[in-house]
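First the structure, in the form of structure tokens, and then the observations on it.
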Amino acid sequence: PLFCGFYLNELLVRLLHREESLPSLFDAYEASLDLLSQTEQQADVVLRHFEFRLLDVLGYGVSLDCDSRGVALQSDHCYRLVPEEGLVEDARGNFPGRYLNDIATGCWHDKSRRAARDLMREALAPHLGGRPLESRKLFRHSGKT
């Protein structure tokens with residue numbers, strides 16, 4: 001939980017302007033810290049919820065309802081993330097529609113959790129300025145991702 005809290009802090013420091021007032025985001029941050037202190041089993045799900053919320057508040061949210069053309073995500077299609085546009089249907093895309101649909105409906109299993117992690121890494125990358133997150137080094141050294 002401590003590493004996860006460090007990760008959330010690092011995201012806020014890196015992505016927000018100093019003294020920026022975003023009460024709803026800080027409410028989500030506080031709720032995430034509370035959840036992380038209660039259980040470690042679903043820590044990755046708590047982190048993903050916060051990342052989605054953070055991107056939404058900053059205006060860079062990723063829709064799991066539809067692709068960049070406004071078409072509902074199809075379970076039997078694959079998608080790739082184009083940061084400026086959203087999810088784009090692509091037969092060779094990294095994100096199977098069924099896992100994206102599972103994430104949207106809160107069905108967290110190993111494959112949807114991995115897809116959510118990878119999706120958030122791709123979505124956050126353009127906003128982190130090319131510098132790796134220090135908190136990820138802690139996860140790597142501890143054997144967690």
- Are the side chains of L55 and M120 in touch, meaning some heavy atoms are under 4.5 Å apart? yes

- Query: Okay, side chain of S135, backbone of F6: is any donor-acceptor separation there less than 3.5 Å?
  - Reply: no

- Message: Is any side-chain heavy atom of R53 closer than 4.5 Å to one of Y29?
- Response: no

- Query: So, do L100 and L119 sit near enough that their side-chain heavy atoms are less than 4.5 Å apart?
  - Reply: yes

- Note on the structure: So CG of L22 and OG of S24: to nearest 0.5 Å the spacing works out to 6.5 Å

Review item, side-chain donor-acceptor pairs of residues 76-86, under 3.5 Å, at least two apart:
| unit_1 | atom_1 | unit_2 | atom_2 | d |
| --- | --- | --- | --- | --- |
| H77 | ND1 | E89 | OE2 | 3.1 |
| Y79 | OH | Q74 | N | 2.7 |
| R80 | NE | D90 | OD2 | 2.8 |

- Message: Looking at every non-hydrogen atom in both residues, tell me the closest pair between L16 and F26 and how far apart they are.
- Response: CD1-CZ, 3.8 Å

- Note on the structure: Correct closest heavy-atom pair for C66 and L73 would be C-CD2, 3.7 Å

- Message: Count I, L, V, M, F, W, Y as connected when their side-chain heavy atoms are under 4.5 Å apart, and connections chain through other members. Are W108 and Y99 then in the same cluster?
- Response: no

- Min side-chain heavy-atom separation E122-N94 under 4.5 Å: yes

- Nearest-0.5 Å distance that lies between atom CG in D102 and atom NZ in K111: 11.0 Å

- Message: Would you say that D44 contacts R117 through its side chain, given a criterion of any heavy-atom pair below 4.5 Å between the two side chains?
- Response: no

- Heavy atoms only: give me the nearest S63-L87 pair and the separation to one decimal. O-CD1, 3.4 Å

- Message: Is the shortest side-chain heavy-atom distance between L54 and L8 below 4.5 Å?
- Response: no

- Using atom types as modelled and distance alone, determine if a side-chain donor or acceptor of R48 lies under 3.5 Å from a backbone N or O of I103. no

- Considering only heavy atoms from C-beta outward, does the side chain of L12 approach that of F50 to under 4.5 Å? yes

- Note on the structure: Correct closest heavy-atom pair for L36 and G5 would be CD1-N, 4.2 Å

- Task: Is it possible for you to say whether L64 and V71 belong to one hydrophobic cluster, with membership spreading through side-chain heavy-atom contacts below 4.5 Å?
- Result: no

- Any chain of hydrophobic side-chain contacts (each under 4.5 Å) joining Y60 to V88? no

- Item | Interatomic spacing from CG in L47 to CZ in R113 - rounded to 0.5 Å | 10.5 Å

- Message: Quick check: do L58 and H127 have side-chain heavy atoms less than 4.5 Å from each other?
- Response: no

- Straight-line distance of L2 CG to S37 OG, nearest 0.5 Å: 12.0 Å

- In terms of heavy-atom contacts, does NE2 of H17 have more than 12 from other residues, nucleotides or ligands at under 6.0 Å? no

- All heavy atoms of A123 vs all of P126, minimum pair found to be O-CD, 3.5 Å

